[in-house]
Amino acid sequence: MTAGLETTSLRGVLRHDEPLARHNTWRVGGAARRYYEPADVDDLAVFLRSLPHDEPLLWLGLGSNLLVRDGGVPGTVIMTAGVLNELAQIDAATVRAGAGVACNKIARYCARLNLVGGEFLAGIPGTLGGALAMNAGAFGGETWPLVKSVETLDRRGVLHRRPPQDFEIAYRHVRGPQDEWFVAAELQLQSGDGEAGLARVKELLERRNTTQPIGLPSCGSVFRNPPGDFAARLIEAAGLKGACIGGACVSTKHANFIINTGEATAADIEQLMGRVAETVEQLHGVRLLPEVRVVGVAASDQVKERP
């Protein structure tokens, strides 16, 4: 435990050296030096105030779109999934959701309220917090066009309410005030046919299950789609379906997925990502950019840091 960290007033769950392979969808990676599951937003604010001002922070939802290196995270991981889980209707067309609520749950909730426009959220395999952080999308829809306002916490534990205009939004890119993190959002939808919306959610989930390697450890899409093309098409055209390094393999079902066959390390996955990007660039002249976020330190770096 870092010297000076005050824990007596905390109501959440604090663990040290928590294995992060338990908390990400690739099921790989090392441990977090410190891991915290807050009781609620107020408790999270107290926790943030207790940390050193320069403490590295990683916010974690369902752990999709994330590669944790084998040496782990030498800082603090804050878990939001299942914790920041408020989901409520604010007015006729507005829903407030916590950052820890799964996107597919929001999609169903809105449809049951006869609110439409958020059905695509069912195809995002993460929480709202992660979707806000990267402007996640699926089936032609993106997160931020739904956003009416967001709530963030800063390092001092101060809560801010911000409009979308406070953020720079682009394809799989969001930039806002430094050292603030999403804890909730109000989403603006449209009144419509809820039964049709639920049918659309079911249809999208069935399409995802048919076209993606659901049930195998992966992170979701690994690379961003380049302008006017699809990463999966370029990877498949490069003959990389089924290519493996160690226990990591390019899916034979969807080329923009890398699966953990059971024995993969984070290093295997990262090396395979590099091979895919280099091969596609050599053959097609297109440099694929990762959609997945790579965090932590390599196992070799961890060994070097030990006294």
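We count residues from 1, following the sequence as given.
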Atom pair [atom1]/[atom2] of [X] and [Y] - distance to nearest 0.5 Å:
| X | Y | atom1 | atom2 | value |
| --- | --- | --- | --- | --- |
| I214 | K253 | CD1 | NZ | 7.5 Å |
| F120 | E142 | CZ | CD | 8.0 Å |
| L272 | I258 | CG | CD1 | 4.0 Å |
| F182 | T152 | CZ | OG1 | 7.5 Å |
| I106 | R108 | CD1 | CZ | 12.0 Å |
| L58 | L20 | CG | CG | 7.5 Å |

So do the side chains of [X] and [Y] get within less than 4.5 Å of each other, counting heavy atoms only?
| X | Y | answer |
| --- | --- | --- |
| Q89 | L115 | yes |
| R96 | T94 | no |
| E278 | E281 | no |
| F47 | L14 | yes |
| D179 | L57 | no |
| E203 | E119 | no |
| F139 | R208 | yes |
| W181 | L153 | no |

Honestly curious: do [X] and [Y] fall in one hydrophobic cluster under the side-chain, below-4.5 Å linking rule?
| X | Y | answer |
| --- | --- | --- |
| L60 | V183 | no |
| L205 | V101 | no |
| V250 | L283 | no |
| V95 | V147 | yes |
| V295 | V297 | no |

So does [Y] get a backbone contact from the side chain of [X], meaning a donor-acceptor N/O pair under 3.5 Å?
| X | Y | result |
| --- | --- | --- |
| D43 | R11 | yes |
| Y36 | G12 | yes |
| N65 | G220 | no |
| R69 | G296 | yes |
| D70 | A298 | no |
| T25 | S218 | yes |
| N260 | W26 | yes |
| R155 | E55 | yes |
| T252 | K241 | no |
| R172 | N135 | yes |

Could you report the tightest heavy-atom contact between [X] and [Y], atom names first, then the distance?
| X | Y | result |
| --- | --- | --- |
| R22 | R27 | O-NH1, 4.2 Å |
| M273 | P290 | CE-CB, 4.0 Å |
| A45 | G157 | CB-O, 3.4 Å |
| D268 | G246 | OD2-CA, 3.7 Å |
| T80 | A99 | OG1-O, 4.1 Å |
| S251 | I259 | CB-CG2, 4.2 Å |

Audit row: V83, L44, side chain to side chain contact (heavy atoms under 4.5 Å, CB included) steps and yes/no: CA-CA 10 Å; V83 179; L44 178 54; over 6 Å; no

- request: Quick one: sort the W144 and F167 rings into parallel, tilted or perpendicular, breaks at 30° and 60°.
  value: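 Tilted, since the angle between the ring planes falls between 30° and 60°.
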
statement: With L288 as partner, the option from T279, N256, V280 fulfilling side chain to side chain contact (heavy atoms under 4.5 Å, CB included) is V280

- request: Run the salt-bridge test on R233 and E236 with the 4.0 Å N-O cut-off and return the result as yes or no.
  value: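 Result for this pair is no, no salt bridge flagged.
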
task: Could you please spell out the steps behind the side chain to side chain contact (heavy atoms under 4.5 Å, CB included) verdict for T211 and F257?
output: CA-CA 11 Å; T211 60; F257 280 64; over 6 Å; no

Got more than 12 heavy atoms from elsewhere within 6.0 Å of [atom1], [X]?
| X | atom1 | answer |
| --- | --- | --- |
| Y171 | OH | yes |
| K202 | NZ | no |
| E168 | CD | yes |
| E195 | CD | no |
| R293 | CZ | no |
| Q190 | CD | no |

query: Who are the ring pair (Phe, Tyr, Trp, His ring centres under 6.0 Å) partners of Y35, not counting sequence neighbours?
result: H23

field: Test side chain to side chain contact (heavy atoms under 4.5 Å, CB included) applied to V222 and I235, step by step
entry: CA-CA 11 Å; V222 175; I235 297 167; over 6 Å; no

task: Decide side chain to side chain contact (heavy atoms under 4.5 Å, CB included) for T143 and L132; before the verdict, give the C-alpha distance in whole Å, the side-chain angles of both, and the deciding distance to 0.1 Å.
output: CA-CA 7 Å; T143 303; L132 291 169; 4.0 Å; yes

